[in-house]
**Q** 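My structure is below; once you've seen it, I'll send some questions.
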Amino acid sequence: MAGKLQVGLLFGGKSVEHEISLRSARNVYQHLDRSYFNPVLIGITKKGNWHLLEDIDQSIDSAPPLNLSLGHSRHTFPTVDQQGGTGLLDVIFPVLHGTDGEDGSIQGMLQSVNIPFAGSGVLGSSVAMDKLISKQLLKDAGIPTSKFIDLTGQDISKVSYEQIENILGLPFMVKPISLGSSVGISKVSSEQEYLKAIEESLQYDQGLLAEQYISGRELECAILGNTVPRASDPGEIIVSSKYEFYTYDAKYKDPHAVEIKVPAVLDHLIVEQIKDLSLRAYKVLRCEDFARVDLFLKDNQTIYINEINTIPGFTNSSMFPSLWAQHGISYSELITKILHLATERFESKKQLTRDYSGN
Ligand SMILES: Nc1ncnc2c1ncn2[C@@H]1O[C@H](COP(=O)(O)OP(=O)(O)O)[C@@H](O)[C@H]1O
Ligand SMILES: [Mg+2]
């Protein structure tokens, strides 16, 4: 490779998952292979302001603000700091989770300024972030996913608790359509809980979804690649019985809430089915470079795809890097592979003709 690539690490963001992103970014920063890459730290505050950090432990607000200037001829992300210094980036790794980071909006902005970035593009990011659209697409493609009802907007008043109970059975889940980290999600077993769940969900999102509850094991499968993506063997999340499901607290607050098993102890045939379904789901939702597919496995061995995370957690204990570690890919090699996939994909798209003047 000619010279080291300037890698912009984007982290923080206007999301309820801001803190998680900081943790992931710190790890990516530490493991970034300095023989190929130079990190450039770009923190986004909870209000959405961009800052150029000198140090990963610096608070985002205290760093100089960053402006995006457009119109440069070279594919880059020209950033001008207050002192007038210009930084040219070769590729961006958005280590952002949730709203405005994982949902296609940042990806759209990066695409318009013509800079390569790691992970799914506008379409894959926005589709995977929307639990309703992604479930509809999975269902249409014949990929098993739990039954669901759209409760968005006026539909809430049209669908009674009894109707939902009749269709989905009890308990069922109520979720905001486009959030993550289990924020705003409830398990519902009575009408009273249902009303509370809706109120809770509506605090975070205007779109809501009710979903059939799947009682089973929670498995996760990592995907890497574009033309011929590869699936890892699945891992398992075993949530302590203290929790009703894999809640925000179980994910991030209580270090004893879960046991992560990599690889999950499963029949060889089930492993193959899970990998096959995960790869199909990844393609159907138009994911790129990498993603983590989350699934449920019932006692009767039925598999359901729960959701796809286009920017999964990258902390030391996160499932995504652990799933690749079992296949001999270290954290650092994983980041290198992802950044290579991103630049390769960008170069191959550049070959497309953008002018057409008829025959
Ligand atoms: N249909 C379901 N059946 C059983 N548990 C569910 C279901 N949907 C979600 N959960 C539980 O809620 C957690 C969070 O839901 P998920 O859809 O993955 O949202 P998020 O994007 O916030 O992670 C899951 O990890 C699981 O423990
Ligand atoms: Mg999830």
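Atoms within a ligand are numbered from 1 in the order they appear, just like the ligands themselves.
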**Q** With a cut-off of 2.8 Å, which protein N/O/S atoms are close to the Mg ion (ligand 2), if we only count those under it?
**A**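 Sorted hits: Glu307 OE2.
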**Q** Report the relative orientation of the aromatic rings in Trp324 and His327; use parallel for angles under 30°, tilted for 30 to 60°, perpendicular for over 60°.
**A**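 Tilted: the ring planes of Trp324 and His327 meet at 30° to 60°.
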**Q** Hey, is CD on Gln301 packed in by over 12 heavy atoms from elsewhere, all under 6.0 Å?
**A**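 Enclosed.
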**Q** For Glu17 and Ile20: C-alpha separation, side-chain torsions, deciding distance, then whether side-chain contact (heavy atoms from CB on, under 4.5 Å) applies.
**A** CA-CA 5 Å; Glu17 295 170 275; Ile20 322 301; 4.1 Å; yes
**Q** Between Tyr161 and Tyr194, how do the two ring planes meet: parallel, tilted or perpendicular, split at 30° and 60°?
**A**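 Judged by the thresholds at 30° and 60°, the geometry between Tyr161 and Tyr194 is tilted.
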**Q** On the ring face of Tyr29, is Arg34 found with NZ or CZ under 6.0 Å from the centre and within 45° of the axis?
**A**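 Satisfied, under 6.0 Å and within 45°.
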**Q** What does the 4.0 Å heavy-atom contact list look like for ligand 1?
**A**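 For ligand 1, the residues that come within the 4.0 Å heavy-atom cutoff are Lys131, Ser146, Met173, Lys175, Leu179, Gly180, Ser181, Ser182, Ile185, Glu211, Gln212, Tyr213, Ile214, Glu218, Phe245, Tyr246, Lys251, Phe296, Asn306, Glu307.
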**Q** Give the ring-plane orientation class for Tyr331 versus Phe314, where under 30° counts as parallel, over 60° as perpendicular and anything between as tilted.
**A**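 Tyr331 vs Phe314 ring planes: perpendicular.
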**Q** Check the surroundings of atom CD in Gln203: do more than 12 heavy atoms from other residues, nucleotides or ligands lie under 6.0 Å from it?
**A**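 Enclosed.
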**Q** Quick one: is the NZ or CZ of Lys187 closer than 6.0 Å to the six-membered ring centre of Tyr213, and within 45° of its axis?
**A**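 That pair qualifies as a cation-pi contact.
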**Q** Do Ser178 and Asp205 have side-chain atoms, one donor and one acceptor, less than 3.5 Å apart?
**A**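 Short answer, yes.
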